[in-house]
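Below is a structure I'd like to ask you about.
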Amino acid sequence: MDLTLKVWRQDGPNQSGEFREYRANGISPDSSFLEMLDVVNERLVESGDVPIEFDHDCREGICGMCGVMINGHPHGDQKGTATCQLHMRKFSDGDRIVIEPWRATGLPVIRDLVVDRAPFDRIIEAGGYISVNTGGSPDANLIPIPKDAAEASMDAASCIGCAACVAACPNSAAQLFTSAKLAHLNLLPQGQPERYQRTLAMVETMEEFFGSCTNHGECEEACPKSISIDNIALMNRDYLVAKFKDRRKAGQA
Amino acid sequence: MTTTGRREDTKSTRKLPWIFEFYRSDVAKKWVMAVSGVILLGYIAAHMLGNMKVYLGPESINSYGISLRELGGHLVPEEHLLWIMRIGLAAAFAVHVHAAYALTVGNWKARGKVRYDVPREYLAANYASRTMRYTGVIVLLFIAFHLADLTFGTANPDFISEDIYHNMIASFDQLPVAILYIVANIALGFHIFHGVWSLFQSMGANNELYNKWRRYLAWGFTAVIVIGNLSFPIAVQLDIIS
Amino acid sequence: MTTLDAKVPEGPIQDKWTNHRFDINLVNPANKRKYEIIIIGTGLAGASAAASLGELGYKVKVFTYHDSPRRAHSIAAQGGINAAKNYTNDGDSIFRLFYDTVKGGDYRSREANVYRLAEVSNEIIDQCTAQGVPFAREYGGLLDNRSFGGAQVSRTFYARGQTGQQLLLGAYQALARQISLGNVTLYNRSEMLDVVMDEGRAVGVVVRDMVNGEVTSHSAHAVVLGTGGYSNVFFLSTNAMACNTTAIWRAHRKGALFSNPCFTQIHPTCIPVHDESQSKLTLMSESLRNDGRIWVPEDADDPRPANDIPEAERDYYLERKYPAFGNLVPRDVASRAAMRMIDENRGVGPLKNGVYLDFADAIDRLGKDVIEARYGNLFEMYERITDEDPYDVPMRIYPAPHYTMGGLWVDYNLMTNVPGLYAIGEANFSDHGANRLGASALMQGLADGYFVLPYTIADYLADWLNTTPVSTDSEVFKKAEQDVNDRNEKLLSINGTRTVDSFHRELGHIMIEHCGLARSRPGLEKALAEIPVLREEFWKNVRVPGTADSYNSELAKAVRVADFFELAELMCRDALEREESCGGHFRLEHQTEDGEAKRDDVGQAHSSSWEWNGYTTPHTHIKEPLEFEYVELAQRSYK
Ligand SMILES: Cc1cc2nc3c(=O)[nH]c(=O)nc-3n(C[C@H](O)[C@H](O)[C@H](O)COP(=O)(O)OP(=O)(O)OC[C@H]3O[C@@H](n4cnc5c(N)ncnc54)[C@H](O)[C@@H]3O)c2cc1C
Ligand code: HEM
Ligand code: HEM
Ligand code: SF4
Ligand code: F3S
Ligand code: FES
């Protein structure tokens, strides 16, 4: 199939960028979206041009490296799909595809379609963990966890940290990402001791970079793992409790 | 390594009293919006029901106005309870608007200047959710006019203190005013349609058992308020009440 | 020539690790902060090591070329992680896990290391659960297990089809905590391009910041490489696009021995290639073989679609040949069997390059819901890629390069032959011999990082108390930086006509053809003739656009591919010298009458290590004999 691409090109973090158009002819419908970009890039290199930079690695929708706006849809318009899992058969011959980087103050462009997601690491560092040192953990079966709870935690834990939620949100909010990590840990018995300080720390770090939530729900639509905005509600509740709770009494059942 | 992409270049770390400390965060502001939103929703529901008395004739609505002033009976001096409610209402408005303003500014900063080239085709966000800040402003302006019109009478051509029935008809008989009320209440409808659904999320009330009912509730509540409120100017224009 | 001392402790195998921990040097808690340690890689191995060392109080710097530690390739592991918990009461034990792993590795691993791995496996599950890894559970709330190829007990713990992701997130979170506490400093988007040596020991690394191209040096008391495997030498593999050999290859060029480079694993259940533009292969978890049945049509070139072929005309070849294990034979056996079917022209699919993996029976027996609960996400992934619905038509699968058992030689302490340089996880050669059993790489990565290295590194560090690391202004660092810069400039200045990928793809073709599933002397010799020619062409005709002082992924790729050429040659030499078939290494010259691998336990019971002698001088071959006291050497039989 033959396509026209309109791609954002920007040489560096503090430089200005512009859109440029490229022809992508003879693309196999069986190839993935990123393989299509590979082909375009090989041709660019052969013709003496500089290839389009984009982040990617696993190419199977799990590492969270990839992610671009495709015709106004984060990761393209196939639901529950990361950019790397999108296949060209979803497009038609002759299509014009606009490819843009994620846009948000918290996700500055590094080059072309590559953005800096370091704020996500800062959010996790603020409290997205359970403080146990290596060694000395009790037997794994000591604490039974109801299957439904474990499944709900796993649902949230499947977030890949791609930042499509921020890209999709009209407020550039990172609530879905943050709440997914909070739900993963706060729903488990192991996560209870630090539940409230974790919630405070992560929310407050999130707010240094990202916007607030008007409950648009766009994030859930864009999320390649279909993480539910129910997690955001859970986070809001835990945040309020965290502000009120006398944590000295947290040991009481 | 330094992390770029902060919303604010500097963040105040001054320690504030507990309640302000709380209000500093966006999530807390959303709580404040939701709680004040509930108060405002309660008010407009009661207000709409009270105004229904207009259909029962002048005595009914006028005495309703009087009973409002006499609320609390002989236990409290006249109008005191009403003023307490008014202050409460004004406070709810004030924090609601302040939080809305602060969140909007924060969101603009978080979005940055560069926009997507392709207009976003929203899948979940609806017209109502994306226009909250605009419908909110319309409602705010409306209230200013509304108070001048029916409470203080400064914007009313023929205002008679304590004759609510008369004032209402005097006001709505003017076509532009009727249209203004209609437009404003439609805007209010959009605002509360998203608001009613959204406040559950903001207040963390989320349970698979009733999640889908939140949408139905929003529809129902909005329909009742909007139909009720629109009925007054329309009824006057159609001379159903005069 | 370097002589190898594996430093395996004395005593019965059950006591070795306990005794060793007692015997080795310790660093007192107050002194730990006087030591600086560099860790390259934030996969399961690197992240768990960095977190644990940080917790102990060492000053740690950790580097990854990814934007975040959470992206490491470990994230992609689907199936699960083994442990000898015996929660299923089916007779598992540490000894059995040890035994299975040595046997699965076709008796080419070091007994003591494998025993230790089995020993700490249980602690890993405890540790990860405490960290909040949401492992699958039974309705009673206790952990669930599944079975995996090569084992007759159910000992695999899993988190849906995303076990690697969840384990890595656990390690990443532990690491994030240490970063926030200031014990560990993270350098993301930073690629290590050389190990720096001084007086025969490793003293630091040279790193390129991939955002602005800056090349800097970092020094430390010890350097740990947890940089993963090199399957991407085949171009198409199940590994992530960026996986490469540069870190360990640079270390190798500085004196670290490279062991068993030819021991690579081809995974039987991957989605077949569609065309030339394909950039990588996607693995379908091995767990699918628990319920799926593998078959090909009886007749070569049968044109009918799968569902039209009657039962009687299907050949369930694994069940036929290996009745005891059936579809659950180890990977190498399953891969070779599939390859034979395809060679006999009985392959299926448009390119006739696959075999069927059929769930029809399982769906009949268990219901679609059960299958969906077990494999839903894998089925979805398959459908997305192939546009075929595996609930209706059988999946098509094909073997693909997946894991590399070879890597840097390490002793019992996980130190390479270079003092102060350690290798952990897939980067070392230690535990899997000639073939890795499913669900044991995750186990090994975490064992190394959480439970082995944090103890053993003290043994070396203790000798360097109150010394400061070599200054990065010293001659050795400046020279290394210069070399890195020169190399980058050289690559940028060639300005030829071919892209890096075109060379990589061609190298991959040579390797898969001659050093893949089946190897032979003539084939390997042919590869050894072709690779240097291609490599010379690369250095004359590659085109690397852009500059060195900016974000430039083509340059990063070129540096990696340049190292792949050198590694590829060594792999072929190693395959040529290993005159036997064992595990993933199958030499056509060495097979039994019915086509099974034939090991030579007299002449080849060793690990084979290679010492770098410079670009133009051939490597020196060093063998470490393997002795088996506890496991009886037997021809593996899965019949
Ligand atoms: C698709 C797939 C599925 C798998 N499933 C399973 C399974 O179910 N069970 C199982 O046990 N095993 C499985 N494996 C194998 C297992 O995932 C890997 O062997 C293991 O995760 C490797 O971990 P690691 O920490 O050694 O390396 P990796 O996770 O590969 O990490 C390497 C790290 O090193 C960094 N790095 C590398 N080079 C440099 C450099 N030069 N400079 C800076 N940083 C560098 C990278 O950024 C990365 O952080 C699977 C493998 C694949 C490919
Ligand atoms: C009778 C009047 C009003 C009612 C009943 C009302 C009700 C609500 C409710 C219930 C919400 C949802 C809160 C949540 O999601 O937690 C909301 C949100 C909002 N309101 Fe109002 N509101 C009123 C007036 C106003 C006014 C006057 C303004 C602004 C000038 C305003 C601006 C907003 C905005 C911007 C939001 C969205 C905030 C966000 O989610 O970020 N509202 N309102
Ligand atoms: C068409 C619909 C409406 C009608 C007919 C109406 C009518 C009135 C009347 C007659 C009064 C004066 C009552 C008195 O003086 O005792 C009044 C007051 C008021 N109305 Fe409305 N109203 C309408 C809609 C609204 C809406 C939508 C809002 C809010 C968003 C609102 C907010 C107020 C307020 C705040 C007051 C002042 C109350 C007070 O004095 O305590 N009204 N309204
Ligand atoms: S919540 Fe979804 S969209 Fe957001 S980072 Fe996680 S996976 Fe990506
Ligand atoms: S789209 Fe944005 S507004 Fe909230 S529900 Fe999602 S974060
Ligand atoms: S490349 Fe890993 S998720 Fe897309």
Side-chain angles (χ1 to χ4, degrees), chain A residues 6 8 13 17 19 69-73 77 79 98 100 103-109 116-119 121-122 166-173 175 200 203-204 206-222 229-241 243, chain B residues 1-8 11 18-19 21-22 24-31 33-34 99-100 102-126 128-130 132-133 194-195 197-208 211:
Chain A
K6 180 178 169 193
W8 180 258
F19 281 100
M69 273 304 214
I70 301 169
N71 289 337
H73 294 281
D77 70 354
K79 212 174 144 64
V98 185
E100 304 172 69
R103 297 270 186 219
T105 306
L107 304 173
V109 172
D116 185 2
R117 279 172 294 223
D121 282 336
R122 302 295 91 79
V166 176
C169 177
N171 303 337
S172 297
Q175 309 263 342
L200 288 184
V203 165
E204 279 155 22
M206 166 185 87
E207 290 178 354
E208 288 175 29
F209 299 93
F210 301 104
S212 65
C213 177
T214 311
N215 302 316
H216 285 305
E218 280 301 313
C219 46
E220 178 180 316
E221 290 297 324
I229 55 171
D230 290 359
N231 294 311
I232 300 180
L234 201 70
M235 173 177 86
N236 290 340
R237 190 176 58 213
D238 277 1
Y239 185 81
L240 189 80
V241 178
K243 282 286 185 186
Chain B
M1 306 217 137
T2 52
T3 311
T4 54
R6 264 171 231 279
R7 216 167 84 178
E8 231 92 12
K11 197 182 174 221
W18 176 83
I19 190 77
E21 195 64 49
F22 172 66
R24 197 177 246 177
S25 99
D26 290 348
V27 170
K29 287 195 184 76
K30 284 297 313 228
W31 268 96
M33 293 215 69
L103 290 174
T104 302
V105 170
N107 289 344
W108 281 342
K109 285 190 183 148
R111 266 182 78 153
K113 284 186 216 62
V114 196
R115 290 291 141 90
Y116 291 114
D117 186 56
V118 179
R120 291 292 311 285
E121 184 187 311
Y122 291 103
L123 300 168
N126 47 40
S129 76
R130 281 181 292 117
M132 287 304 271
R133 52 182 78 115
H194 180 66
W197 178 82
S198 168
L199 63 87
F200 288 94
Q201 278 289 113
S202 302
M203 306 213 289
N206 191 303
N207 187 321
E208 270 176 8
N211 273 357

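This is a predicted model, so every value here is computed, not measured. Chain A is the first sequence line, chain B the second, and so forth, proteins listed ahead of strands; every chain is numbered from 1. What's counted below: heavy atoms across the whole structure, side chains too, no hydrogens, waters or symmetry copies.
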Worksheet item: Measuring heavy-atom distances to chain A, does N207(B) have an atom under 4.5 Å in its side chain, in its backbone, in both, or in neither?
Response: neither
Worksheet item: Among G217(A), A233(A), C169(A), A222(A), which residue forms the greatest number of heavy-atom pairs with chain B at distances under 4.5 Å?
Response: A233(A)
Worksheet item: Which one of W108(B), W31(B), F22(B) has the most heavy-atom pairs closer than 4.5 Å to chain A?
Response: W31(B)
Worksheet item: Under 3.5 Å, is there a donor-acceptor pair between the side chain of E218(A) and the main chain of A125(B)?
Response: yes
Item to complete: May I ask you to check whether S212(A) and N107(B) show a side-chain donor-acceptor distance below 3.5 Å?
Response: yes
Worksheet item: Is the closest side-chain heavy-atom distance between Q201(B) and I229(A) below 4.5 Å?
Response: yes
Practice prompt. Go through the atoms of C219(A) and report whether side chain, backbone, both or neither lie under 4.5 Å from a heavy atom of chain B.
Written response: neither
Item to complete: Without swapping roles, check the side chain of T105(A) against the backbone of G112(B) for a donor-acceptor pair under 3.5 Å.
Response: yes
Practice prompt. Heavy-atom distances under 4.5 Å only: say whether K109(B) touches chain A with side chain, backbone, both or neither.
Written response: backbone
Item to complete: Check whether P170(A) gets within reach of chain B through its side chain, its backbone, both or neither, counting any heavy atom under 4.5 Å.
Response: both
Worksheet item: Where on D230(A) is there a heavy atom nearer than 4.5 Å to chain B: the side chain, the backbone, both, or neither?
Response: both
Practice prompt. Check each atom of W197(B) against the heavy atoms of chain A and say whether the ones under 4.5 Å are side chain, backbone, both or neither.
Written response: side chain
Worksheet item: Nearest heavy-atom pair of G204(B) and N236(A): which atoms, and what distance?
Response: N-CB, 4.4 Å
Fill in: chain A interface, residue from M132(B), H194(B), K113(B), M203(B) that has the most non-hydrogen pairs under 4.5 Å
H194(B)
Worksheet item: How many angstroms lie between CD in Q175(A) and CG in D26(B), if you round to the nearest 0.5 Å?
Response: 7.5 Å
Discussion item. Among R103(A), E221(A), M69(A), which residue has the highest count of heavy-atom pairs closer than 4.5 Å to chain B?
Written reply: R103(A)
Worksheet item: Which region of Y239(A), side chain (C-beta onward) or backbone (N, CA, C, O), has a non-hydrogen atom less than 4.5 Å from a non-hydrogen atom of chain B, or is it both or neither?
Response: side chain
Fill in: Reported CG-to-CG distance for the pair L123(B) and D77(A), which is rounded to 0.5 angstrom
8.0 Å
Response to the item:
Whatever's closer than 4.5 Å to a heavy atom in chain A on R115(B) counts as backbone
Fill in: Distance (rounded to the nearest 0.5 Å) between S202(B) OG and L240(A) CG
11.5 Å
Item to complete: Identify the two heavy atoms, one from A167(A) and one from R120(B), that lie closest to each other, and give their separation to 0.1 Å.
Response: O-NH1, 3.7 Å
Discussion item. If I measure from the heavy atoms of chain B, does L200(A) come under 4.5 Å with its side chain, its backbone, both, or neither?
Written reply: neither
Worksheet entry | Options G211(A), P13(A), G17(A), ranked by heavy-atom pairs under 4.5 Å with chain B, top entry | G211(A)
Fill in: Under the side-chain hydrogen bond (donor to acceptor under 3.5 Å, both in side chains) test, residues paired with T214(A) that sit two or more places apart
N171(A)
Worksheet entry | Contact origin within E100(A) toward chain B - heavy atom pairs under 4.5 Å | side chain
Worksheet entry | Note, R7(B) side chain near F209(A) side chain (heavy atom, < 4.5 Å) | no
Worksheet item: Most heavy-atom pairs under 4.5 angstrom with chain B, which of D116(A), L234(A), N71(A), L107(A)?
Response: N71(A)
Discussion item. What part of A168(A) gets within 4.5 angstrom of chain B, counting heavy atoms only: side chain, backbone, both, or neither?
Written reply: both
Worksheet, complete the sentence: If one checks every heavy atom of A173(A) against chain B at 4.5 Å, the contacting part turns out to be neither
Worksheet item: With R237(A), which residues qualify under salt bridge (charged side-chain N to carboxylate O under 4.0 Å, His left out), at least two apart?
Response: none
Worksheet entry | For chain B, the option from K6(A), M235(A), K243(A) that forms the most heavy-atom pairs under 4.5 Å | K243(A)
